[in-house]
Amino acid sequence: MPNSWKEKYLLFQVRTRKDPEAFAKLYDLYVDRIYRFLSFKLASEEDARDITSEVFLRSWQHIHDGKTLNTPVALFYRIARNLTADYYRSKQRAEVPLDLADEEENRGLLKEAETVPNIADRLDLDFKTRAALDALRGLKENYRELVVFRYLDELSTREIGEILGKTEVNVRVMLHRALRTLRTVMAKRHD
Amino acid sequence: MTNHELKSTLRRLSRRTGTLSSEWKANNREILLMQIRNSVASERPRLLPAHIRLFLQLFVPTHRLGVFAKSAFSFVLVIGVVLGSWITTSSAAAGTLPGDLLYPWKLVTEAAQVALAPDAATRVKFHVDFAERRLEELVRLPGRADRNLTEHIRVTANRFGNEARAVSQNLDELRGSDPMTMVAIAEVVDRKMTEYDRLFSMTKPQLTPSSVAVFEAGNLIDEAGARAVEVIAQKHAEGLGSVSESLVARKVGERIRRVSERATAVRGELTQLASSGGSATSSLAAANQVEGSLAEAKVLLGKKDFVAALVKVREGNDLVLEAQKMTEASGASPESVSGGRDGSDGAASSSVESATSSSP
């Protein structure tokens, strides 16, 4: 049975029979990918692991609240993105006085940009790979996310479109631009 | 660093990052199971009628479920497929058109064939055949006295586009298959989509008033053909001896020519729109960027880097589509920006031919 059909069938079991084992099989299929996605967005491995766990728990809840969803990939990644945004918002609210709360989105974005070098420090990377990782940091958030989805998580443009609520054509155009920008950033840093 | 090198570097990065230990995953799985079991009643819920709809959605797209449910023959079909007695009724339904009594049976039979297909290769063949059926229906519909002709044309064009989309999606699923099979199927798809594109272009003027569905169907046919050429080029790049360099060069050249023609036609229409007071600035900017991508594609074609050339062609095509969509959003009718496919760009054709002239 093709992977997508297997996933659809598991989702059917979860929605109709509330089958925990079927949900656990979806967990097995997606846990590594969700963790990798989060490790590019969060400062520490521990936070990435915590939020990975939370993604699956929230997804179970989402399904049982009868909310609309298309595919498991869209569900898990969307919840992961939302939880990451919540994480940064709550972090900033804890650190920033109320009168500066309007800036929390910008600070959150800066904080996200700063997480990427932490990954580089944890890994023993060759020069080119490290250069790519550093350049990824220089991209704006939506471009970086697209590059991670497509080339690190190896999602199809259709799946990315489902996660972001965009058409495949939009996704491909943005990906072309993201790669062009990444090459430009890498060339500038090389100089 | 080229695009190809950058993508390889990023893929290398993906293998080095974000791995969880097996121990953590197993422990976390147990905790998750414990938490969700607590939230579930001890008795499993009974199967409800609503669940049957969810089960059918595994096989039949949502927009066809209404046809499936409404038809009094749908339940008979399930039994009929098992007992093999559907053949007679399906034969009677084969030549029907939207609006005919047995037409829903025709669609349901097709859906069942796809659902029972053993692999992606068979599904591709089914969807190619069903696209041909939808095209045949589009050719026949205008000649019929039909009170709901506009709606039937719209719905059939939609279905035609959906079959083309399904061809593209199933081509993607062939990635892990035997390379020779992939190339053989891709060649069939490319040939068929080129034929359908030509027939569809001839039929479009009769499908009045034109609609977004007709416009989209044309794009989806083009997309399926593009995917097929990409598969062929990829397999050639991987060293599959049965794919000749001249064949790949010719197909890439055809793609460049086609996108260039569309861009020229779209630019012409947008310039007209702008001069008559319409808003077309961003659409024109997108359309103008296409030439840059196609120029790079021609250079890569000359260097026989076919895969990279097709990436640039796709970039250009996506920009044309973006220009078309932006213009649609500004209120222009789809037919005014559909982009002709009648070979109007002689300059593009000759420069593509010179780029491919060194190929054996």
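Lettering follows sequence order; numbering is per chain, from 1. Just so it is clear, the values below take in all heavy atoms, side chains as well, and ignore hydrogens, waters and symmetry mates.
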Residue from B:Lys25, B:Arg29, B:Glu223 scoring the most non-hydrogen pairs under 4.5 Å with chain A is B:Arg29
Counting only non-hydrogen atoms closer than 4.5 Å, does A:Phe23 touch chain B with its backbone (N, CA, C, O), its side chain (CB onward), both, or neither? side chain
Which portion of A:Phe56 sits near chain B, non-hydrogen atoms under 4.5 angstrom: both
Exactly one candidate in B:Arg165, B:Arg258, B:Arg314, B:Arg227 meets salt bridge (charged side-chain N to carboxylate O under 4.0 Å, His left out) with B:Asp222; the answer is B:Arg258
Can you check whether A:Phe149 and A:Tyr77 have ring centres sitting under 6.0 Å from each other? yes
Pick one of side chain, backbone, both or neither for A:Arg49, based on which atoms fall under 4.5 Å of a heavy atom in chain B. both
Contact class of A:Asp28 relative to chain B, heavy atoms under 4.5 angstrom: side chain
Quick check on A:Gln61 against chain B: is it the side chain, the backbone, both or neither that has a heavy atom closer than 4.5 Å? neither
Distance alone, cut at 3.5 Å: any donor-acceptor contact between the side chains of B:Asn219 and B:Arg262? yes
Highest number of heavy-atom pairs under 4.5 Å with chain A: which of B:Leu321, B:Val311, B:Asp119, B:Leu32? B:Leu32
Do side-chain atoms of B:Asp197 reach the backbone of B:Met193 as a donor and acceptor pair under 3.5 angstrom? no
Below 4.5 Å from any heavy atom of chain B, which atoms of A:Val147 appear? Answer side chain, backbone, both or neither. side chain
Smallest separation among heavy atoms of A:Arg36 and A:Leu152, with atom names: NH2-O, 3.1 Å
Is a salt bridge present between A:Arg78 and A:Glu162, judged by a nitrogen-to-oxygen distance below 4.0 Å? no
